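Note sheet for the following structure.
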Amino acid sequence: MKSVTAIAHPNIAFIKYWGNRDPVLRIPSNGSISMNLGGLFTRTQVRFDPSLPKDILFLNGQPETGVAYERVRRHLERIRQLAGIRERAEVVSLNNFPMGTGIASSASAFASLTLAASVAAGLNLDECQLSRLARQGSGSACRSIPGGFVEWQAGEGDLDSFAYSLAPAEHWALADCIAIISQEHKSTGSTEGHALADTSPLQPARLARVPAHLELCRQAIRERDFDKLARVVEMDSNLMHAVIMTSTPPLIYWQPATLAVMNAVHVWRGEGIPACFTVDAGPNVHVICEAWAAEEIEKRLRAIPGVSQVLRAAVGGPAYLEQEAGSH
Ligand code: PMV
């Protein structure tokens, strides 16, 4: 059977997705906006094979049988249903960014899996259909299907909850310098985190602000206004963490070095360096900046105690097919 390979980038949210209205279909409580991370990617190869008794998954060279396998198997099941096929698949997925650094790979993993598996299954889905399907594997994966700067409209159900591009990657030369903060313990994943969002008394206040944040963020991107972007991105990240810290049970993803980086970024912005921070469900700090400032920021981040490494990404394009090879 035909083997198909697809590539997708992770993304960093400027306006965060936190909480689901429907956890099964992953219909989010609010819309979100992100930037794809060019240079970082997951490459996923899928081959349906009638001789396979069950699906097989290799993740970064290792055969997987646990939770990750089950999530991928369920996603393949959705694609088999859509395509009307029964064959099991072999899935080989590789990240080009280091494991164990807390860089979430589920967005790029499920975006590349969705594209590769749907084509391998004989489906010819458009961007919106691919985004809706990727969303069911991992919410933020729907934002890794379109390119550049991307908005995920929350929608009310499966049909209208998908992401589309607000502007292509070339629109604005931004960069993300990701300060990796050493992680001693594996933190609670985002799937569990979303389920706790509504237990926080601050979630309604956060949700009430989201439409205004989305509009400010769209404007900042359209006008390439870094100061406007910086203010809304930091506010939105802090609001999400306020919800996380006040959920039951409460979670704190920040570590001392997370705060050290956040404070340093404020000092640098005061000096005129166009940089702002945003933090996902872990201790790492994404320092979003204008691309020309990235080298200096990277150098300064490396000098902060507790920062174990710094990864740099440009604005990335959409998910794409790498090859379609016939097999024997
Ligand atoms: O797609 P998930 O379930 O991994 O959730 C992503 C949650 C955040 O990264 C914290 C925010 C976001 O919008 O990406």
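In listed order, ligands and their atoms are each counted from 1. Small disclaimer: the values here were computed from a predicted structure and weren't measured.
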For ligand 1, which atoms have a heavy atom of Ser106 less than 4.0 angstrom away?
-> 4 (O)
Taking the side chain as every heavy atom from C-beta outward, state whether Val279 and Met240 have any pair of such atoms under 4.5 Å apart.
-> no
Are the charged groups of Arg135 and Asp158 less than 4.0 angstrom apart, N to O?
-> yes
Nearest protein heavy atom to atom 11 (C) of ligand 1, by residue and atom, and its distance?
-> Tyr17 O, 3.4 Å
Do the charged groups of Glu296 and Arg300 touch, with an N to O distance under 4.0 Å?
-> yes
Give the numbers and elements of all ligand 1 atoms closer than 4.0 Å to a heavy atom of Ala13.
-> 12 (C), 13 (O), 14 (O)
State whether a side-chain donor-acceptor pair under 3.5 Å links Arg206 with Gln203.
-> yes
Take every heavy atom of Ser32, measure it against each atom of ligand 1, and state whether any distance is under 4.0 Å.
-> no
Polar contact flag, side-chain donor to acceptor under 3.5 angstrom, Asn20-His194 | no
Shortest protein contact, atom 4 (O) of ligand 1 (heavy atom only) = Ser190 OG, 2.7 Å
Would you call Glu77 and Arg74 a salt bridge, taking side-chain N to carboxylate O under 4.0 Å as the test?
-> no
Do Thr44 and Ser93 have a side chain donor and acceptor closer than 3.5 Å?
-> yes
Would you say ligand 1 has an N or O under 3.5 Å from any N or O of Ser140?
-> yes
Per-atom contacts, ligand 1 versus Gly139 - under 4.0 Å to a heavy atom | 1 (O)
How far is atom 3 (O) of ligand 1 from its nearest protein heavy atom, and which residue and atom name does that atom have?
-> His194 NE2, 3.1 Å
The protein heavy atom nearest to atom 12 (C) of ligand 1 is Arg143 NH2, 3.4 Å
